[in-house]
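What follows is a short report on a single structure.
This one's a predicted model, so the numbers in the text were calculated from it and none came from an experiment.
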Amino acid sequence: MILLKPWRFSLAALLLFALLSGPGHAQQVTSAYIAMDPPVVVNLANPTRAQYLQMVVELQVGSAEDAGIVQAHMPVIRDTLILFFGGRDPAEVRPVANREELRAEALSAIREALESRSSRPAVEGLYFTSFLIQ
């Protein structure tokens, strides 16, 4: 086994990166996140008291073109999330296991809404950076 000194390992890694990022290799994958500001707030269906869900959402896009589509259609995205989460039973959104399923369904709804307006789904991922039930 060959042991490399730390500076040699760094140099080897740098050379390998330079070779792999040259022409003829896979295109560089770029990804960006767009924060939805302000947070999305919806009413939940609680018959005994007013209850709200507040979500801080980040949308993942894969290109500058997709970022432009998302920015142009942010009101549609916000409306889609409000319609999707609003009026749900608090017991449905509280468990962490349910949130992952709801996140995937919400992403699908956003992608459909964007595709119908721009012919591209544009959003690759939807992430909650805060999920608060009050």
Side-chain angles (χ1 to χ4, degrees):
M1 177 183 343
I2 298 173
L3 295 175
L4 295 176
K5 292 184 180 182
W7 68 272
R8 287 185 181 164
F9 178 74
S10 297
L11 181 60
L14 184 60
L15 288 172
L16 181 62
F17 176 75
L19 289 173
L20 291 178
S21 62
H25 283 60
Q27 276 188 324
Q28 231 179 358
V29 175
T30 57
S31 192
Y33 296 90
I34 300 171
M36 292 185 65
D37 189 38
V40 178
V41 179
V42 298
N43 294 319
L44 295 175
N46 185 336
T48 59
R49 66 182 176 97
Q51 201 163 14
Y52 305 96
L53 168 62
Q54 177 184 334
M55 301 168 284
V56 177
V57 178
E58 300 269 340
L59 303 167
Q60 181 182 9
V61 296
S63 69
E65 183 180 353
D66 287 342
I69 291 169
V70 167
Q71 291 293 348
H73 295 289
M74 191 60 78
V76 172
I77 295 169
R78 183 172 291 281
D79 180 63
T80 301
L81 288 173
I82 289 170
L83 291 174
F84 183 80
F85 283 99
R88 289 193 183 257
D89 187 327
E92 181 183 3
V93 296
R94 187 170 285 118
V96 174
N98 289 4
R99 279 188 224 161
E100 181 56 31
E101 184 178 328
L102 290 170
R103 185 188 68 79
E105 290 174 11
L107 174 60
S108 179
I110 289 170
R111 289 173 57 90
E112 276 182 33
L114 289 174
E115 194 158 22
S116 71
R117 287 163 178 80
S118 68
S119 300
R120 288 178 67 131
V123 175
E124 294 177 1
L126 175 139
Y127 301 96
F128 300 117
T129 54
S130 176
F131 197 89
L132 179 65
I133 300 170
Q134 298 178 356

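- Rounding to the nearest 0.5 angstrom, the gap separating the OH atom in Tyr52 from the CG atom in Asn43 is 5.5 Å.
- In this structure, Arg78 CZ and Leu83 CG are separated by 12.5 Å, a value rounded to the nearest 0.5 Å.
- Exactly one of Ile77, Thr80, Asp66 qualifies for a side chain to side chain contact (heavy atoms under 4.5 Å, CB included) with Leu114. That residue is Ile77.
- Taking CZ of Arg88 as the reference point, atom CG of Leu53 lies at 10.0 Å (rounded to 0.5 Å).
- Taking NE2 of His73 as the start and CD1 of Ile110 as the end, the distance is 13.5 Å to the nearest 0.5 Å.
- Annotation for Arg117 and Val76: closest pair NE-CG2, 3.5 Å, computed over non-hydrogen atoms.
- Considering all non-hydrogen atoms of both residues, Met74 and Ile34 come closest at CE-CG2, 3.9 Å.
- Here the closest non-hydrogen pair linking Gly86 and Val42 is CA-CB, 3.8 Å.
- Using a 4.5 Å heavy-atom threshold, the side chains of Phe128 and Val57 count as touching.
- Hydrophobic clustering (side-chain heavy atoms under 4.5 Å, transitive across Ile, Leu, Val, Met, Phe, Trp, Tyr) keeps Leu126 apart from Leu132.
- Listed here is the closest heavy atom pair of Ala91 and Asn98: O-ND2, 4.1 Å.
- Note: the hydrophobic cluster containing Leu59 also contains Phe131 (ILVMFWY, side chain heavy atoms under 4.5 Å, direct or indirect links).
- When hydrophobic clusters are built by joining Ile, Leu, Val, Met, Phe, Trp and Tyr residues whose side-chain heavy atoms come closer than 4.5 Å, directly or via intermediates, Ile69 is grouped together with Met36.
- For the atom pair CD (Glu115) and OG (Ser108), the distance works out to 10.0 Å, reported to the nearest 0.5 Å.
- The minimum heavy-atom distance between Ile133 and Gln51, with the atom names listed, is CG2-NE2, 3.6 Å.
- No path of Ile, Leu, Val, Met, Phe, Trp and Tyr side chains, each step under 4.5 Å between heavy atoms, connects Val41 with Phe84, placing them in separate hydrophobic clusters.
- More than 12 heavy atoms of other residues, nucleotides or ligands lie within 6.0 Å of CD in Gln54, so this atom counts as buried by the packing criterion.
- Between the side chain of Arg103 and the backbone N or O of Gly125 there is no donor-acceptor pair closer than 3.5 Å.
- How far CG of Leu81 is from CG of Leu107: 9.5 Å, rounded to the nearest 0.5 Å.
- In plain terms, the two heavy atoms of Glu124 and Gly62 that are nearest each other are OE2-CA, 3.2 Å.
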